[in-house]
Amino acid sequence: MNLSQSILSEIMQITRDIEGNYPELEKYLDERPLTLPDENDPTFKVDNEALQKYLSSLKSMVRKYKKNRH
């Protein structure tokens, strides 16, 4: 499994975790793609760095939610 597949797998895993355990956060999933490059940009490229930033933003969202929830 290459790096991008590994990152995508983690993104899918955390997204399922949010959907199953924190459904109140699902509304923010639509906003998260803003952390990825704009597909209308002629230099648009989803690379490992963009995927990693997206994954980090998801993890941060869940971490902050858990911290503020208790």
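Just the heavy atoms: all of them, side chains too, but no hydrogens, waters or symmetry mates, feed the values below. Position 1 is the first residue of the sequence, and the numbers go up from there. Predicted model only: the values in this text are computed from it and were never measured.
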**OP:** Enter the distance from Ser6:OG to Gln52:CD here, rounded to the nearest 0.5 Å.
**Re:** 8.5 Å

**OP:** Taking salt bridge (Lys or Arg N to Asp or Glu O under 4.0 Å) as the test, write out the residues that go with Glu26, two or more places apart.
**Re:** none

**OP:** Would you indicate whether the side-chain heavy atoms of Met61 and Tyr22 approach each other to under 4.5 Å?
**Re:** no

**OP:** Working to the nearest 0.5 Å, report the span between NZ of Lys64 and CG of Leu25.
**Re:** 12.0 Å

Original post:
Is there a donor-acceptor contact under 3.5 Å from the side chain of Ser60 to the main chain of Ser57?
Top reply: no

Subject >> For Thr15 against Leu58, the heavy-atom pair lying closest together >> reply: OG1-CD1, 4.1 Å

**OP:** Just jot down the salt bridge (Lys or Arg N to Asp or Glu O under 4.0 Å) partners of Glu10, sequence neighbours excluded, or say none.
**Re:** Lys59

Subject >> Spacing of CD belonging to Gln13 relative to CD1 belonging to Ile18, to within rounding of 0.5 Å >> reply: 11.5 Å

**OP:** Using the salt bridge (charged side-chain N to carboxylate O under 4.0 Å, His left out) rule, collect all pairs that involve residues 12-24, keeping only residues at least two apart or in two chains.
**Re:** none

**OP:** Of all the heavy-atom pairs spanning Asn21 and Pro23, show the shortest one and how long it is.
**Re:** C-CD, 3.4 Å

**OP:** List the atom of Ile7, the atom of Asn48, and the distance in Å for their closest heavy-atom pair.
**Re:** CD1-O, 3.8 Å

Original post:
Is there side-chain contact between Leu8 and Gln5, with heavy atoms separated by less than 4.5 Å?
Top reply: no

**OP:** Measure the CG-CD distance between Leu51 and Glu49 for me, rounded to the nearest 0.5 Å.
**Re:** 10.5 Å

